[in-house]
Amino acid sequence: MEERYDPERIEQEWQKTWEEGRAFAAEEDSTRKKFYLLEMFPYPSGRIHMGHVRNYTIGDVVARYLRMTGRNVMHPMGWDAFGMPAENAAISHRTHPRDWVESNIANMKSQLKRLGLSYDWDREVNTSVPQYYRWEQKFFIEMYERGIAYRAKSPVNWCPRCKTVLANEQVIEGRCWRCSTDVVIDEKEQWFLKITAYAEDLLKGCDRLPGWPERVLTMQKNWIGKSEGCEIMFKIEGMDEDLRIFTTRPDTVYGITFMSIAPEHPLLGKIIAAPYRAAAEAFIDKVRRGGTKAREIEIGEKEGVFTGRYAISPFTGGRIPIYIANFVLMEYGTGAIMAVPAHDQRDFEFAKKYGLDIRVVIQPEGSAPPDPKTMDQAYEGPGKMVNSAEFTGTDSEMGKKLVIEKVVREHRGDSKVNYKLRDWGISRQRYWGAPIPMVYCERCGIQSVPLDQLPVELPMDVSITGEGESPLARNKGFVDTVCPKCGGPAKRETDTMDTFMESSWYFEKYTSPGKTGGPFDKDALAYWMPVDQYIGGIEHAILHLLYARFITKVLRDLGYVMYDEPFTNLLTQGMVIKDGAKMSKSLGNIVDPEHIIGRYGADTARLFILFAAPPEKDLEWSDKGVEGARRFLDRLWRFAYKYIDKLKTVRTSDAGDDEKSMAIRRVTHRTIRRVTDDIGDRFHFNTCVSALMEMLNSLYEADEKGIGDGQMPALRESLETLLVLLNPFAPHITEQINRELGNGPMLRQKWPVYKEELLHDNTVAIVIQVNGKLRGQVRMPEGSDESAVLAAASGDERIASYIRGRQVKKLVLVKNRLLNIVL
RNA sequence: GCGAGGGUGGCGGAACUGGUAGACGCGCCAGACUUAGGAUCUGGUGGGAUAACCUUAGGGGUUCAACUCCCCUCCCUCGCACCA
């Protein structure tokens with residue numbers, strides 16, 4: 001054994017061994033319990049960052065631990081290889097996106113290998129190759145045939161900088177999620193996936209995911225945004241059309257004093273009465289100029305203008321003035337609302353501003369109805385209906401049902417559920433993505449590409465300039481095709497799919513990456529899916545995780561998969577921060593993983609990152625902390641080096657029962673218990689590491705007191721155990737020392753099981769409290785009863801001084817731990 | 001405003017069902033070895049005149065016993081935010 005710990009040499013050697021032995025290749029084995037462990041695959045940007053290191057290290061600990069417990073672990077890795085940066089790089093570096101991506105993958109792959117991550121590289125998936133995206137195209141066509149994929153003209157979020165359409169989910173506070181440019185609204189023909197048809201399924205599924213963090217589920221539920229209420233049609237005075245509104249408060253219909261409609265409402269042209277036209281149009285124009293920014297970000301003043309027209313209440317028959325209001329959104333509900341200022345804060349503010357009536361129709365439980373003249377805010381709570389004709393006196397919750405019944409009876413509307421969730425626009429006017437397999441024929445219209453002609457391959461001979469139309473639209477060889485139906489000239493769809501499509505089913509592809517006759521091997525899919533543990537950043541709480549759940553449900557309905565949810569357990573790890581801020585180029589606080597690995601070794605990097613914080617919390621990077629991690633490994637190495645020659649010649653099974661041996665063995669078995677508890681169900685890797693540090697500390701303590709030849713078997717057991725327990729965290733150094741001990745590889749080694757009888761000493765330290773305050777400690781045989789402990793405590797001079805001359809009122813004994821003497 | 005999660009030494013963080021608060025690591029202090037030490041080892045390290053005693057954001061409560069349970073207040077982070 002070398003005297004000095006040299007991580008670089010050791011790590012390279014073991015990584016080579018693992019690679020050559022295909023050490024982490026997973027195979028279906030129906031006799032073994034599977035575990036599918038997955039970390040979110042990266043975009044191949046070229047270099048890994050600390051966030052990756054953290055994400056993948058956490059996963060690797062779980063993978064290596066579970067393998068040792070006997071689970072058949074699949075731990076794959078791949079590349080989310082489509083997407084804009086490749087195109088941007090192509091423009092600035094004059095390379096082809098494919099080449100750029102490939103060299104990035106090669107580089108990142110070697111970086112991941114240098115971290116010692118135990119991936120099954122045989123299952124590697126690259127989403128940008130036709131063998132991958134051809135199945136996505138097939139799914140798309142099948143979705144089209146079922147009406148799940150459809151084409152529609154709709155206002156889209158357009159990023160002028162990225163020159164592409166963005167999904168609602170990709171617009172953050174009115175700006176592009178990538179480049180933060182203000183997004184503009186444009187009308188375009190787009191391909192959509194009907195995620196709204198799955199809104200209820202996705203929402204219900206949230207309640208069947210106990211292994212997901214509550215906050216992720218909450219975010220998803222919020223995003224889906226279900227609200228139950230009803231639609232009511234109001235007659236418009238002097239017009240044939242009805243005004244349809246959506247409300248969740250049918251119990252307040254007798255409090256309607258005006259109507260508010262969105263400036264984009266299609267009926268507006270007819271509704272606005274001639275004398276009001278100029279003012280109304282000026283207002284509409286003003287709102288429109290404000291754009292998305294003003295409407296969606298600034299919680300601006302509520303403004304509106306009277307249309308000069310009235311609706312008729314189907315309840316009272318009264319005339320209700322119709323206003324155009326800036327806060328009413330066309331995209332939600334019907335784009336028109338009934339306004340009940342007494343019981344809706346927004347309506348209240350609007351009414352106050354324009355001097356409109358306020359009519360109270362709900363009386364709060366146990367207090368008088370609010371007075372419209374003195375109210376300073378709307379009462380939005382429940383209560384008893386008042387001033388509401390035949391409903392007066394009814395409880396508001398019951399009233400909601402009864403009013404809906406009345407509306408239905410009179411054919412003025414129906415109950416209705418609305419969702420905030422919108423259909424997923426997947427068209428992207430970009431080159432580097434999966435082509436949407438559709439053809440436009442002048443004669444036959446939209447046609448899907450016949451399945452036997454898939455894949456529609458992305459052409460490689462393109463010029464990428466970043467100007468004007470997408471490179472695909474200018475590529476005649478690609479665009480010009482024949483209609484699959486009539487054989488006449490036709491043009492291909494030139495939009496590509498949102499890259500979130502590829503990441504919505506890659507985890508399924510890992511189960512049979514080489515399969516060619518279809519997307520998945522049925523048996524492999526049945527064996528491995530669903531993913532038992534998924535690990536990734538919280539930033540994907542909505543986008544990726546919602547889309548992946550959606551596509552899984554679609555694939556289920558298309559008959560490809562047989563489960564409802566793809567990820568049983570989800571762990572969202574925190575960010576890596578430095579000096580209190582997220583690592584970023586602009587802040588100049590980036591720590592390069594490669595540099596850390598080069599200087600301290602992968603084992604040190606892994607150990608630090610696991611030790612510094614529990615996985616779900618943010619991790620503050622500390623160079624000093626890294627040194628501490630390295631110091632621990634150095635200490636481990638030195639300890640092993642000191643005893644290696646003696647340890648080589650003894651057998652663990654010969655461990656003696658002398659006091660020194662027993663002390664060593666107790667520490668060993670107690671540590672097994674601690675680490676097993678923390679690593680298994682709790683994922684508290686930081687406390688695992690500290691338990692291992694404590695174990696090594698106590699071995700050094702034993703060393704200080706002198707370890708004789710008689711203790712060598714116990715010491716061997718201890719060191720071997722320490723190596724196994726530490727192996728998931730620091731796989732290289734542990735393998736190396738283990739080999740020096742003359743043992744075979746740790747890969748298939750069993751996770752140790754502690755021996756109950758070795759956890760206990762025959763005596764225990766019992767804390768003595770007097771009136772709840774700590775006063776001392778006595779050493780007692782295990783299982784001592786109240787009177788015995790009290791006797792011992794009384795014998796202790798310090799403790800006795802607190803009790804002397806006073807009556808013991810009560811004794812509280814916590815077996816083997818504590819005695820509280822109450823005076 | 002609504003929803004979720006937090007607030008523990010100089011710092012990162014422990015304390016699983018209420019039972020020795022501050023494990024482990026960093027930093028700091030002292031010492032040893034040494035030509036030197038940013039190497040290594042040993043000891044110390046919540047506050048306090050190291051004596052009483054006080055300490056888990058602050059205040060109250062339940063209990064023999066509270067970081068942990070209950071009530072009130074303050075602060076921080078994240079998500080949603082005119083969704084009718």
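Quick note: numbers below take in every heavy atom, side chains included, and nothing from hydrogens, waters or symmetry partners. Naming: A, B, ... by sequence-line order, numbering from 1 per chain.
Of all nucleotides listed (B:rG12, B:rA84, B:rC80), B:rC80 comes nearest to the side chain of A:Lys420. Each of B:rG27, B:rA23, B:rG12 was ranked by its minimum atom distance to the side chain of A:Arg631; first place goes to B:rG27. Comparing B:rG3, B:rC54, B:rA15 by their nearest atom to the side chain of A:Thr218 picks out B:rG3. Across B:rU42, B:rG13, B:rU20, the shortest atom-to-atom separation from the side chain of A:Lys617 is found for B:rG13. In the set B:rC53, B:rC24, B:rA84, B:rC53 carries the atom at the smallest distance from any side-chain atom of A:Arg775. Looking at the side chain of A:Phe611, the nearest of the listed nucleotides B:rU20, B:rA15, B:rC24 is B:rC24. You'll find that the side chain of A:Phe327 is closest to B:rC82, out of B:rC82, B:rC41, B:rG19. Listed candidates were B:rA23, B:rU40, B:rC64. Nearest to the side chain of A:Arg638 is B:rU40. Proximity note for A:Thr687 (side chain, C-beta onward) versus B:rA14, B:rA84, B:rU20: the nearest is B:rA14. Closest contact between the side chain of A:Glu704 and the listed nucleotides B:rU20, B:rU42, B:rG13 involves B:rU42.
In this model, no side-chain donor or acceptor of A:Lys810 finds a partner on the base of B:rC64 within 3.5 Å. Checked by distance alone, A:Asn222 brings no side-chain donor or acceptor within 3.5 Å of a matching partner on the base of B:rC80.
Rounded to whole Å, the P atom of B:rU8 lies 28 Å from the corresponding atom of B:rA52. Taking atom C1' in both B:rG61 and B:rC28, one finds a spacing of 40 Å when rounded to whole Å. Using atom P as the reference point in both B:rC33 and B:rC53, the two lie 41 Å apart (nearest Å). Across B:rU55 and B:rC67, the matching C1' atoms stand 12 Å from one another, rounded to whole Å. Using C1' as the reference atom, B:rG22 and B:rG12 are 13 Å apart when rounded to the nearest Å. Of the C1' atoms belonging to B:rU20 and B:rC11, the separation is 25 Å, rounded to the nearest Å. B:rG60 and B:rA66 have their C1' atoms separated by 14 Å, with the value rounded to a whole Å.
Panel note: side chain A:Arg779, backbone A:Thr763; a donor-acceptor pair is recorded below 3.5 Å. With hydrogens and angles disregarded, no donor-acceptor distance shorter than 3.5 Å links the side chain of A:Asp242 to the backbone of A:Arg244.
Nearer the 5' end of RNA chain B, as judged by each residue's closest nucleotide, is the contact made by A:Val814, out of A:Val814 and A:Val822. Looking at which nucleotide of RNA chain B each of A:Glu627 and A:Arg249 is closest to, the 5′-most match is held by A:Glu627.
In this entry the base of B:rG61 is anti relative to its sugar, with a glycosidic angle more than 90° from 0.
A salt bridge between A:Glu303 and A:Lys286 is present, with a side-chain N of the basic residue lying under 4.0 Å from a carboxylate O of the acidic one.
Ring geometry for A:Tyr354 versus A:Tyr323: interplanar angle of 30 to 60°, hence tilted.
If you look at A:Tyr641 and A:Phe639, their ring centroids are not closer than 6.0 Å.
Residues A:Glu200 and A:Tyr419 bring a donor and an acceptor atom of their side chains to less than 3.5 Å of each other.
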